[in-house]
Amino acid sequence: MTRKHATVEQVARLAGVSTATVSRVLNGTAAVAADTERRVRDAIELLAFNPAPQARGLRTGRTGNIALIVPSITNPFFPELMAHVSREVRGRGYSMLLFDSPEPEKEGVRVARSRLADGIILVGSTSPAAARPPAEMTDVPVVAFDRRPQALSAPVIQVDNYEGARAVVRHLGERGHRRIVFISGPRGVSVSADRARGYRAGLRDLGIAPDKALTIAGEFDEDSGYAATVRLLRRPAPPAFTALFAANDMMAIGAMSALRDHGVAIPSQVAVAGFDGIHLGRYVAPSLTTYAQPTAELARRAAELLAAAIAGSPAPPARTLRLPGSLIIRDSTAPAAPPA
């Protein structure tokens with residue numbers, strides 16, 4: 001026997017509301033009281049109601065989609081972000097479309113022109129060069145996550161990169177380290193600059209003058225972390241250091257591999273710390289000390305802001321909302337064992 005599909009009238013009757021209210025909840029066309037929205041969504045779930053997206057799009061001029069655009073899916077941080085964003089947009093009645101591109105802003109222009117999504121959550125490129133998007137981009141609401149776009153005015157939701165990096169350096173200082181290498185992110189990227197400023201501020205907190213010889217550039221991937229560490233160790237007169245802080249976890253993991261390949265013990269000879277709090281960090285050996293981003297909360301804020309803009313709220317100002325993260329101390333910065 002073929003199972004009959006639930007109707008909007010059945011949802012309205014079960015939730016004790018009008019069909020117009022059900023439509024407002026589904027389409028985000030007007031504000032609905034939180035208690036009312038919860039009853040409608042509970043009824044939708046109970047009845048397994050699934051409105052035809054094509055019909056809904058014809059009525060509202062909307063797709064029911066939110067696009068998440070990232071520069072890469074090889075960095076584990078982005079799949080973790082994708083999982084949180086997907087959960088948040090589904091909870092607001094949308095489907096998530098995922099796009100990865102080395103030029104995320106240009107990809108955003110394509111998505112906006114094609115009307116594939118009602119709104120875009122954008123993680124900008126690590127490349128400092130970006131072409132200015134044409135005017136069509138502004139027709140679709142955009143919220144930037146983590147990185148400030150190079151050529152697009154949009155609100156940015158991110159962890160406090162400056163204070164996070166500062167906290168990592170102060171932790172290393174509390175462990176007795178005074179010579180701390182920093183592997184920075186790509187030049188021209190806002191989060192790279194913020195974490196570099198935090199590194200220098202942490203040194204100042206410890207009364208340590210920054211040493212340019214202890215800073216080397218990376219590209220936010222494990223290969224560049226490995227290569228940067230090898231370049232440092234193979235200098236004709238390699239600088240002495242007892243700790244290494246990489247501006248993201250993937251570079252820190254690459255740096256740990258390079259140190260091991262060169263016979264450097266972690267953490268007894270060199271302590272290592274990263275930034276981001278990716279899940280993989282707890283399973284490398286030794287487990288990685290890191291400053292963890294509150295990814296779930298960042299995703300919730302981004303989805304909330306974007307859904308409001310899609311529903312017709314005034315466009316949010318192009319400001320940056322920074323949330324605190326948390327320092328997670330693991331074995332890679334463990335204090336030296338006391339002498340026997």
| said: Could you measure the distance from the CZ atom of Arg179 to the CG atom of Leu214? Nearest 0.5 Å is fine. | reply: 4.5 Å
| request: Indicate yes or no: does Arg38 engage Asp35 in a salt bridge with an N to O separation below 4.0 Å. | output: yes
| Which heavy-atom pair separates Pro141 from Ala309 by the least distance, and what is that distance? | CB-CB, 3.8 Å
| Would you say the side-chain atoms of Ser192 pair up with the backbone N or O of Arg187, donor to acceptor, closer than 3.5 Å? | no
| query | Can you list every ring-ring contact (aromatic ring centres under 6.0 Å, His included) pair that touches residues 62-89, not counting sequence neighbours? | reply | none
| In Å, rounded to the nearest 0.5 Å, how long is the span from CD of Gln158 to OG of Ser190? | 6.0 Å
| For Ser72, side chain to side chain donor-acceptor pair (under 3.5 Å) partners two or more places apart | Thr74
| Under a single-linkage definition using a 4.5 Å side-chain heavy-atom cutoff for Ile, Leu, Val, Met, Phe, Trp and Tyr, are Leu47 and Ile44 assigned to the same hydrophobic cluster? | yes
| query | Among the clusters formed by ILVMFWY side chains lying less than 4.5 Å apart, do Tyr94 and Val123 turn up in the same one? | reply | yes
| task | Scan Leu97, Asp100, Val111 and name whichever one has a side-chain contact (heavy atoms from CB on, under 4.5 Å) with Ile69. | result | Val111
| said: With a 4.5 Å cut-off on side-chain heavy-atom distances among I, L, V, M, F, W and Y, is there a chain of contacts connecting Ile253 to Ile328? | reply: no
| Transitively linked via ILVMFWY side-chain contacts under 4.5 Å: Phe145 with Ile310? | yes
| request: Could you note down all residue pairs passing side chain to side chain donor-acceptor pair (under 3.5 Å) where residues 299-312 supplies at least one of them, sequence neighbours left out? | output: Glu297-Arg300, Glu297-Arg301, Arg300-Glu304
| Atom CD1 of Ile157 and atom CD1 of Ile121: how far apart are they, to the nearest 0.5 Å? | 9.5 Å
| query | Atom CG of Asn161 and atom CZ of Arg147: how far apart are they, to the nearest 0.5 Å? | reply | 10.0 Å
| remark: CG (Leu68) and CG (Leu98) are apart, to the nearest 0.5 Å, by 5.5 Å
| field | Any pair counted as salt bridge (charged side-chain N to carboxylate O under 4.0 Å, His left out), so long as it reaches residues 274-283, sequence neighbours left out | value | Arg195-Asp276
| Full working for side chain to side chain contact (heavy atoms under 4.5 Å, CB included) between Met256 and Val284 | CA-CA 9 Å; Met256 290 170 69; Val284 297; 4.3 Å; yes
All N/O donor-acceptor pairs, side-chain side in residues 199-207, below 3.5 Å, sequence neighbours left out:
from   : atom 1 : to     : atom 2 : distance (Å)
Tyr199 : OH     : Ile180 : O      : 2.7
Asp205 : OD1    : Arg166 : NH2    : 3.1
Asp205 : OD2    : Arg166 : NE     : 2.6
Asp205 : OD2    : Arg166 : NH2    : 3.3

| task | Would you name the heavy atoms of Leu172 and Ala271 that are closest together and state the gap between them? | result | CD2-CB, 4.3 Å
| request: Answer with yes or no whether the side chains of His171 and Thr333 bring together a donor and an acceptor at under 3.5 Å. | output: yes
| request: Of all the heavy-atom pairs spanning Ala273 and Val168, show the shortest one and how long it is. | output: CB-CG1, 3.7 Å
| field | Ser224 backbone acceptor or donor facing Asp221 side chain under 3.5 Å | value | yes
| task | Write down the atom of Pro239, the atom of Ala213, and the distance for their closest heavy-atom approach. | result | CG-O, 3.8 Å
| query | Which pairs, with at least one residue in residues 236-256 and sequence neighbours excluded, count as a side chain to side chain donor-acceptor pair (under 3.5 Å)? | reply | His177-Thr242, Asp249-Thr290
| message | I'd like to check the salt bridge (charged side-chain N to carboxylate O under 4.0 Å, His left out) partners of Arg197; sequence neighbours left out, ordered by chain and number. | response | Asp194
| request: Can you establish whether the number of heavy atoms outside Leu323 located under 6.0 Å from its atom CG is more than 12? | output: yes
| task | Not counting sequence neighbours, which residues clear ring-ring contact (aromatic ring centres under 6.0 Å, His included) with His279? List them please. | result | Tyr283
| All pairs passing salt bridge (charged side-chain N to carboxylate O under 4.0 Å, His left out) where residues 70-99 contributes a residue, at least two apart | Glu88-Arg92
| How many angstroms lie between atom CG of Leu244 and atom CD1 of Ile266, to the nearest 0.5 angstrom? | 8.5 Å
| query | Closest approach of Gly225 and Ile183, non-hydrogen atoms and distance? | reply | O-CD1, 4.0 Å
| task | Considering non-hydrogen atoms only, spot the tightest contact between Val272 and Leu288 and give its length. | result | O-CD1, 3.9 Å
| request: Determine which pairs satisfy ring-ring contact (aromatic ring centres under 6.0 Å, His included) with at least one residue from residues 232-273, sequence neighbours left out, and list them in order. | output: Phe182-Phe245
| query | Would you say Ser332's side chain and Thr289's backbone share a donor-acceptor pair under 3.5 angstrom? | reply | yes
| Verify same cluster id: Val264, Ile216 (apolar side-chain graph, 4.5 Å) | yes
| said: Test: salt bridge (charged side-chain N to carboxylate O under 4.0 Å, His left out). Region: residues 227-239. Which pairs qualify, not counting sequence neighbours? | reply: none
| task | Flag the pair Ile329 / Glu174 as yes when at least one side-chain heavy-atom distance between them is below 4.5 Å, and no otherwise. | result | no
| remark: In short, ring-ring contact (aromatic ring centres under 6.0 Å, His included) pairs touching residues 286-306 with sequence neighbours left out are Phe275-Tyr291
